[in-house]
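Note that these values count all heavy atoms, side chains included, but never hydrogens, waters or copies made by symmetry. Computed from a prediction, not measured in an experiment: that's the story for all the values here.
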Amino acid sequence: MDYWLGGKDNYPVDREVGEQILGFVPELVRSARADRYFLARAVRHLAGEEGIRQFLDIGTGLPTVDNTHQVAQGVAPESRIVYVDNDPLVLVHAHALLTSSPEGATDYIDADVHDPERILQGAARTLDFSQPVAIMMLGIVNFILDTDRAAAIVDELLGGVPSGSYLVISHPTTEVDAEPMTHAVAYWNSQGTVPMTLRTREELLRMFDRVDLVEPGVVSCSRWRPDFADLDDVVDVTHFCGVGRKP
């Protein structure tokens, strides 16, 4: 992701695999940027319009531009953010890059998305679970291969946060460029990396069963509340997303 975004925190193997995948789907650069812009718009909306001050970012990956804490604390400096990943490289960079405003706090948990209980226990060091929390799951649910298991993990995480909390998901999909995306994922999975899967919009909707979807629902990342200046340039991308509020 960082490589496709033009960042510097990537490695030769990232660039090699990234270039190979772009051979299948050149549009993935546009999709990666749309996914990142969606994160920024969603966090600004939650911190600004909804008053959310706590964010649990699961599967953060290598820090890149407009990380969750930067966007949230840019709106509300007192925001508290917990990042979760289980990649040792991410851990090294997290300590160096994931800093906080003096008024707020950031933390990092070394944990796997398949272990929601550990995530919630670790996050409780920094977050107050009696108050609403935004659960951010961008580009991570696709690494839970079984859809029933993925929905169960999302449900368990939502069970740990109170009413008024939010769920934010982005996910590579078969809704756009299905054939080249399928080839790209097959190549990814053949490289010995953590395997991933694509899902349809209907499958993604299952992840939001326990929340009330915020308009415009589950859509291409480029179409989730785009900035007015960008309206004429909006095209569908290979990542879909949604934001929902726990009633």
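In this structure the side chain of L167 reaches within 4.5 angstrom of the side chain of L158, judged on heavy atoms. Under the 4.5 Å side-chain criterion, counting only non-hydrogen atoms from C-beta, M196 is in contact with V185. No side-chain heavy atom of T173 sits under 4.5 Å from any side-chain heavy atom of L198. At least one side-chain heavy atom of T147 sits under 4.5 Å from a side-chain heavy atom of M207.
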Trace of the side-chain contact (heavy atoms from CB on, under 4.5 Å) decision for V84 with D57: CA-CA 6 Å; V84 182; D57 189 329; over 6 Å; no

Run the numbers on E203 and F240 for side-chain contact (heavy atoms from CB on, under 4.5 Å), then give the verdict. CA-CA 11 Å; E203 288 173 319; F240 269 34; over 6 Å; no

Criterion side-chain contact (heavy atoms from CB on, under 4.5 Å) on V43 and L39, from CA distance to verdict: CA-CA 6 Å; V43 172; L39 180 151; 4.2 Å; yes

If you apply the rule side chain to side chain donor-acceptor pair (under 3.5 Å), what do you find for Q131 with D128, and how did you get there? CA-CA 6 Å; Q131 300 297 316; D128 176 3; 4.6 Å; no

Give the intermediate values and the outcome of side chain to side chain donor-acceptor pair (under 3.5 Å) for residues Q73 and S100. CA-CA 8 Å; Q73 292 180 346; S100 173; 3.1 Å; yes

Taking it one step at a time, do V168 and M137 satisfy side-chain contact (heavy atoms from CB on, under 4.5 Å)? CA-CA 6 Å; V168 182; M137 302 186 77; over 6 Å; no

One pair to check against salt bridge (Lys or Arg N to Asp or Glu O under 4.0 Å): R41 and D227. What are the steps and the verdict? CA-CA 8 Å; R41 293 197 304 275; D227 296 330; 5.1 Å; no

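Counting only distance, with no hydrogens or angles, the side chain of R225 and the backbone of P216 share no donor-acceptor pair below 3.5 Å. In this structure a side-chain-to-backbone donor-acceptor pair under 3.5 Å is present from D146 to R149. Between the side chain of R53 and the main chain of S79, no donor-acceptor pair closer than 3.5 Å is present. Checked by atom type and distance alone, the side chain of E175 pairs as donor or acceptor with a backbone atom of R201 at under 3.5 Å. Of the possible polar contacts, none joining the S222 side chain to the A34 backbone as a donor-acceptor pair under 3.5 Å is found. For K246 (side chain) and V161 (main-chain N/O), a donor-acceptor pair under 3.5 Å exists by modelled atom type. Panel note: side chain T182, backbone A178; a donor-acceptor pair is recorded below 3.5 Å. Counting only distance, with no hydrogens or angles, the side chain of S220 and the backbone of R223 share no donor-acceptor pair below 3.5 Å.
With rounding to the nearest 0.5 angstrom, the CG atom of L138 is 9.0 Å from the NE2 atom of H239. Atom OG of S170 sits about 8.5 Å away from atom CE of M136, to the nearest 0.5 Å. Remark: T126 OG1 to Q54 CD distance equals 9.5 Å, nearest 0.5 Å. Atom CD1 of I144 and atom CD1 of I140 lie 6.5 Å apart (nearest 0.5 Å). Taking CZ of R199 as the start and CZ of R206 as the end, the distance is 9.0 Å to the nearest 0.5 Å. The CZ atom of R80 lies 13.0 Å from the CZ atom of F55; values are rounded to the nearest 0.5 Å.
Residues P132 and P162 come closest through the heavy atom pair N-CG, 3.8 Å.
Open room surrounds CD on E117; 12 or fewer heavy atoms of other groups in view lie less than 6.0 Å from it. Within 6.0 Å of CZ on F143 lie more than 12 heavy atoms contributed by other residues, nucleotides or ligands.
Checked against the 6.0 Å centroid threshold, Y83 and H69 count as a close aromatic pair.
Salt-bridge check for R36 with D66: failed, with every basic side-chain N at 4.0 Å or more from each acidic carboxylate O.
No chain of hydrophobic side-chain contacts below 4.5 Å, direct or via other Ile, Leu, Val, Met, Phe, Trp or Tyr residues, connects V237 to Y37. Residues V194 and L145 are members of separate hydrophobic clusters, defined by side-chain heavy-atom contacts under 4.5 angstrom among Ile, Leu, Val, Met, Phe, Trp and Tyr. Under the 4.5 Å side-chain contact rule for hydrophobic residues, L213 and I169 share a cluster. By the criterion of side-chain heavy atoms lying less than 4.5 angstrom apart, applied directly or through intervening Ile, Leu, Val, Met, Phe, Trp or Tyr residues, Y166 is not grouped with V75; the two fall into different hydrophobic clusters.
When only modelled atom types and interatomic distance are considered, D112 and N86 share a side-chain donor-acceptor pair under 3.5 Å.
When each of I109, I119, V133, T60 is tested with V82 by the rule side chain to side chain contact (heavy atoms under 4.5 Å, CB included), just one qualifies, namely I109.
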